[in-house]
J.: 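For reference, the structure I am asking about is given below.
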Amino acid sequence: MKVLQKSSVVDSGAKGFAYFIKGFLAGIQGHLLSKDSLDTEEEAIPAIDIHDHEIGEYRYCTEALIERNEAGENLKTVLSDIGDSIVQVKGKTKTRVHVHTNDPAEMFDRLSKQGKLIEQKVDDMNLQYERVHNRKYKTVIVTDSIADLPKEIIDDAQVHVIHMSLLVGEESYIDKLTVTNEKLFDLAKQKQTHPTSSQPTIKNIENTYRYLLTYYDTVIVLTVAKALSGTYNAFKKAAETFEENKQSIHVLETKQNSVAEGLIVWQAIENLKAGKSVEEILSEAERSISQSKILVKINTLDNMIASGRLSVRAGGIAKKVGLKPIVSLDEKGDGEVFKIAFQAKTAQKKILKHLKTLNEKKGIKYYAVTYVDDKKLGEAFAEELSGVLNKEPEFITKSSGVIAMGAGKGAVAVAYITE
């Protein structure tokens, strides 16, 4: 109405109805509406957008809601060299931007310099298209982003990854998608806070199950240890909604994390590719869980102290004497100190000696390596392991942000499954 436009106000009843619809849609999709999201006039972001058209040059469909700095630049100019299909919708204080890009982390890094990031969303258009038009198997493997596994392996097997959220101060990022480990360390230093993580909501997982069961007969879920995260319980609880399909969803706790969890997922992928039955895949995964182990060489104790895993007093003493612990998980998935060393080289030697002895006694069937931020350290570690075990690792990959927060800069890890 012209009289309302002239007074710069809106029809309160109409706006209230718009909020009702927005809240209704968000509730169905498992989102919580914050006051910030209600203060904007942009449309609600759907939990899953299906891109079943041919994918162009860029893989990821991203959206962000940003509270702008007064001196902020035009977002199209800021992002034009890393994507296309750029659309920005401006509100009074906030802007919603949509971009197709191959580098979501770089995109959100640039946007963070233009203001406060309130919402982030990333859809893998390539995986969605492949799932609809070129589905390889009748069974889909699902895992969480704590499982460290190379992207090319995930893509090839059309694995569905549920990404954890990483919280740094008031800003939330999507693990392995919208923030790198290096950026995570920088943000923690800038904001003088230790990042934390949060598990996916049950509603979000329910939506994922519903989506996947549209295309697959069976869903196999392999999760991080429940002693470390509530993720397993969330997957299990969400599966209860599908009682009529209870034979179609199988949730298995790996009792591991990082590259050890990734190695168990990798073995399940190999069995799926080999044409093994769901029962065989699950049976072999359960057997491998009891025969798997991860050994993490910590370079700094700062992150263990900041996360509360080591008290400030004990951590201070440990740092003074140069303690370099080798961290692992016990049979229940709880953290433990595997061995103690006082130099990084000594810690590495102890890991190599342990694996050599274990290989001679039991035989190491598979192993893999991960690193937090230094690829050269990871490759050098893998090379030494190869010399000791007389075989190459199944893969070398960068760790998730969740692992980086606990292990710290310069950390490397090896996981193995024995014969």
Side-chain angles (χ1 to χ4, degrees), residues 28-30 46-55 59 61 122-147 149-164 199-224 226 231-256 261-289 417:
I28 290 174
Q29 297 160 355
I48 298 176
D49 286 337
I50 305 302
H51 298 88
D52 59 359
H53 51 77
E54 288 287 352
I55 306 306
R59 174 170 183 163
C61 174
V122 179
D123 283 333
D124 188 333
M125 298 184 290
N126 183 67
L127 183 58
Q128 290 177 357
Y129 180 86
E130 289 297 310
R131 181 166 286 132
V132 174
H133 298 282
N134 300 307
R135 178 173 57 86
K136 291 185 176 181
Y137 312 104
K138 292 183 179 181
T139 295
V140 62
I141 293 173
V142 177
T143 191
D144 51 74
S145 62
I146 299 176
L149 200 61
K151 184 68 176 170
E152 56 269 22
I153 292 177
I154 290 171
D155 289 347
D156 181 62
Q158 298 176 341
V159 173
H160 191 93
V161 179
I162 298 286
H163 294 269
M164 311 294 278
Q199 68 199 44
T201 66
I202 293 173
K203 196 65 183 178
N204 180 281
I205 297 172
E206 284 178 6
N207 289 337
T208 299
Y209 285 155
R210 194 168 288 110
Y211 163 63
L212 292 174
L213 287 172
T214 304
Y215 301 100
Y216 297 94
D217 295 341
T218 311
V219 177
I220 294 177
V221 184
L222 299 167
T223 79
V224 64
K226 64 180 179 182
T231 302
Y232 167 78
N233 290 331
F235 272 110
K236 199 74 175 172
K237 186 70 176 176
E240 293 176 5
T241 306
F242 301 84
E243 276 300 308
E244 70 280 7
N245 293 320
K246 59 184 178 181
Q247 297 302 318
S248 299
I249 301 175
H250 305 270
V251 184
L252 190 62
E253 176 208 357
T254 66
K255 298 182 182 179
Q256 292 291 350
E261 181 187 356
L263 194 59
I264 292 166
V265 175
W266 170 85
Q267 185 186 43
I269 290 170
E270 291 298 300
N271 287 332
L272 179 65
K273 290 164 68 175
K276 293 189 178 182
S277 68
V278 171
E279 291 72 23
E280 288 174 314
I281 294 171
L282 290 168
S283 177
E284 289 201 29
E286 287 177 342
R287 185 163 56 251
S288 293
I289 288 168
I417 298 172

J.: How close do T254 and T223 get, counting heavy atoms only, and between which atoms?
T.: OG1-O, 2.7 Å
J.: Parallel, tilted or perpendicular, judged at 30° and 60°: which one describes the rings of F235 and Y209?
T.: tilted
J.: Could you please spell out the steps behind the side chain to side chain contact (heavy atoms under 4.5 Å, CB included) verdict for K236 and K226?
T.: CA-CA 11 Å; K236 199 74 175 172; K226 64 180 179 182; over 6 Å; no
J.: Testing the basics here: between T139 and Y216, what is the closest heavy-atom pair and its distance to 0.1 Å?
T.: C-CD2, 3.8 Å
J.: Would L149 and I269 count as a side chain to side chain contact (heavy atoms under 4.5 Å, CB included) here? Give the steps.
T.: CA-CA 11 Å; L149 200 61; I269 290 170; 3.9 Å; yes
J.: For the pair S288 (side chain) and E284 (backbone), establish whether a donor and an acceptor sit closer than 3.5 Å, ignoring hydrogens and angles.
T.: yes
J.: In Å and rounded to the nearest 0.5 Å, what is the OG1 to CD distance from T208 to E206?
T.: 10.0 Å
J.: To the nearest 0.5 Å, tell me how far T201 OG1 sits from Q199 CD.
T.: 9.0 Å
J.: If we only count heavy atoms from C-beta on, is the D155 to R59 side-chain gap below 4.5 Å?
T.: yes
J.: What pair of heavy atoms forms the shortest contact from A234 to P200, and how long is it?
T.: CB-O, 4.0 Å
J.: Please determine which of M125, Q158, R135, K136 meets the side-chain contact (heavy atoms from CB on, under 4.5 Å) test together with E130.
T.: Q158
J.: Return the minimal non-hydrogen interatomic distance between T143 and V265, and the atom names on each side.
T.: OG1-CG2, 3.7 Å
J.: Begin with the C-alpha distance, continue with both residues' side-chain angles, and end with the deciding distance and a verdict on side chain to side chain contact (heavy atoms under 4.5 Å, CB included) for Q267 and N271.
T.: CA-CA 6 Å; Q267 185 186 43; N271 287 332; 4.0 Å; yes
J.: Keeping the roles fixed (side chain from D144, backbone from V224), state whether a donor-acceptor pair exists under 3.5 Å.
T.: yes
J.: Within this structure, what is the CD1-OG1 distance for the pair I205 and T231, rounded to the nearest 0.5 Å?
T.: 7.0 Å
J.: Should L263 and Q256 count as side-chain neighbours, where that means a heavy-atom distance under 4.5 Å?
T.: no
J.: Atom NE2 of H160 and atom CD1 of I154: how far apart are they, to the nearest 0.5 Å?
T.: 11.0 Å
J.: Of the non-hydrogen atoms in T241 and R210, which two are nearest, and what is the gap between them?
T.: CG2-NH2, 4.2 Å
J.: In Å and rounded to the nearest 0.5 Å, what is the CD1 to CG distance from I264 to L252?
T.: 8.0 Å
J.: Do the non-hydrogen side-chain atoms of L212 and I249 ever get within less than 4.5 Å of each other?
T.: no
J.: About how many Å separate NZ of K138 and OG1 of T218, when rounded to the nearest 0.5 Å?
T.: 9.5 Å
J.: Can V140 and R131 be said to form a side chain to side chain contact (heavy atoms under 4.5 Å, CB included), step by step?
T.: CA-CA 10 Å; V140 62; R131 181 166 286 132; 4.3 Å; yes
